[in-house]
Amino acid sequence: MTLAVTIILSAVVSLTLTPMMCSRILRHTPDEKQGRFFKASERVFENIIAFYGRTLKFVLRFQTITLFVALATLALTIFLYIIIPKGFFPTQDTGVIQGISQAPASISFAAMAEKQQQLASIVLQDPAVESLSSFIGADGTNTTLNSGRMSLT
């Protein structure tokens, strides 16, 4: 719903407000009074238009081939639409909960391991917990010896 309203509002603004503002703000300045940037960008735009004209003439010269390319593109688009998995919203719920445990800074590694195992056994008693992995000590994720992490599925 939000996307639809946004698109409609954008269309209304681009068809009404933008042209009105351009008519008030933009003023015509003759080409001879323009600066170097205008002249350089104008040459770029003229080259783009000339390129478009050349390619349009080429396409109009080979209309049958162009039609077949357009139909092949349509068929490929339909085929890819059918076989590629799609969804409006990406899947965010992975079913994994991450937990952090922390003990006093004075705790030994062995005591921390025992506390983490006790915590893991309590968590595993919950029937909603399918599996658990547990880590303690300093590594890339844990910064101190008195912290631990759990991943619950």
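Here, residue 1 is the first one in the sequence, and each next residue gets the next number.
When every heavy atom of Gly148 is checked against every heavy atom of Met112, the shortest pair comes out as N-CE, 3.8 Å. Considering every non-hydrogen atom in both Ser101 and Leu119, the closest pair reads CB-CD2, 3.8 Å. The minimum heavy-atom distance linking Ser14 with Pro19 is given by the pair O-CD, 3.4 Å. For the pair Met20 and Ser23, the tightest heavy-atom approach, listed with the atom from each and the gap, is O-OG, 2.7 Å. Minimum interatomic distance between Ser133 and Phe135 (heavy atoms only, all atoms of both residues): OG-CE1, 4.0 Å.
To the nearest 0.5 angstrom, Ile136 atom CD1 is 10.5 Å from Met150 atom CE. Note that NZ of Lys57 and OH of Tyr52 are 12.5 Å apart. Values are rounded to the nearest 0.5 Å. One distance of note links CG of Leu56 with CG of Leu60; it measures 4.5 Å at 0.5 Å rounding. Considering CZ of Phe38 and OG1 of Thr29, their distance stands at 8.5 Å, rounded to 0.5 Å. Atom CD1 of Ile65 is separated from atom CZ of Phe58 by 7.5 Å, given to the nearest 0.5 angstrom. To the nearest 0.5 Å, atoms CD1 (Ile97) and CG (Leu132) are separated by 11.0 Å.
Applying the side-chain contact (heavy atoms from CB on, under 4.5 Å) test between Val5 and each of Leu9, Thr2, Leu3 identifies Leu9 as the sole match.
Side-chain contact annotation: Thr153 with Glu130, donor-acceptor N/O pair under 3.5 Å absent.
Using a 4.5 Å cut-off on side-chain heavy atoms (C-beta onward), Ser134 and Arg149 make no contact. Contact check for Gln118 versus Lys115: side-chain heavy atoms found under the 4.5 Å cut-off. The closest side-chain heavy-atom distance from Leu152 to Val96 is not below 4.5 Å.
In the hydrophobic cluster analysis, where Ile, Leu, Val, Met, Phe, Trp and Tyr join through side-chain heavy atoms closer than 4.5 angstrom, Leu74 is grouped together with Ile82. Cluster membership check: Val69 shares its hydrophobic cluster with Phe62, using side-chain heavy-atom separations under 4.5 Å among Ile, Leu, Val, Met, Phe, Trp and Tyr. Hydrophobic clustering, with ILVMFWY side chains joined whenever heavy atoms are under 4.5 angstrom apart, keeps Leu76 apart from Tyr81.
Within 6.0 Å of atom CG in Leu124, more than 12 heavy atoms from other residues, nucleotides or ligands are found, so the atom counts as buried in its surroundings. Gln98 CD: 12 or fewer foreign heavy atoms inside a 6.0 Å radius.
Remark: the backbone N or O of Gln102 is not paired with any side-chain donor or acceptor of Asn146 at under 3.5 angstrom.
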Test log, rule side chain to side chain contact (heavy atoms under 4.5 Å, CB included), inputs Phe51 and Thr55: CA-CA 6 Å; Phe51 175 75; Thr55 56; 3.6 Å; yes
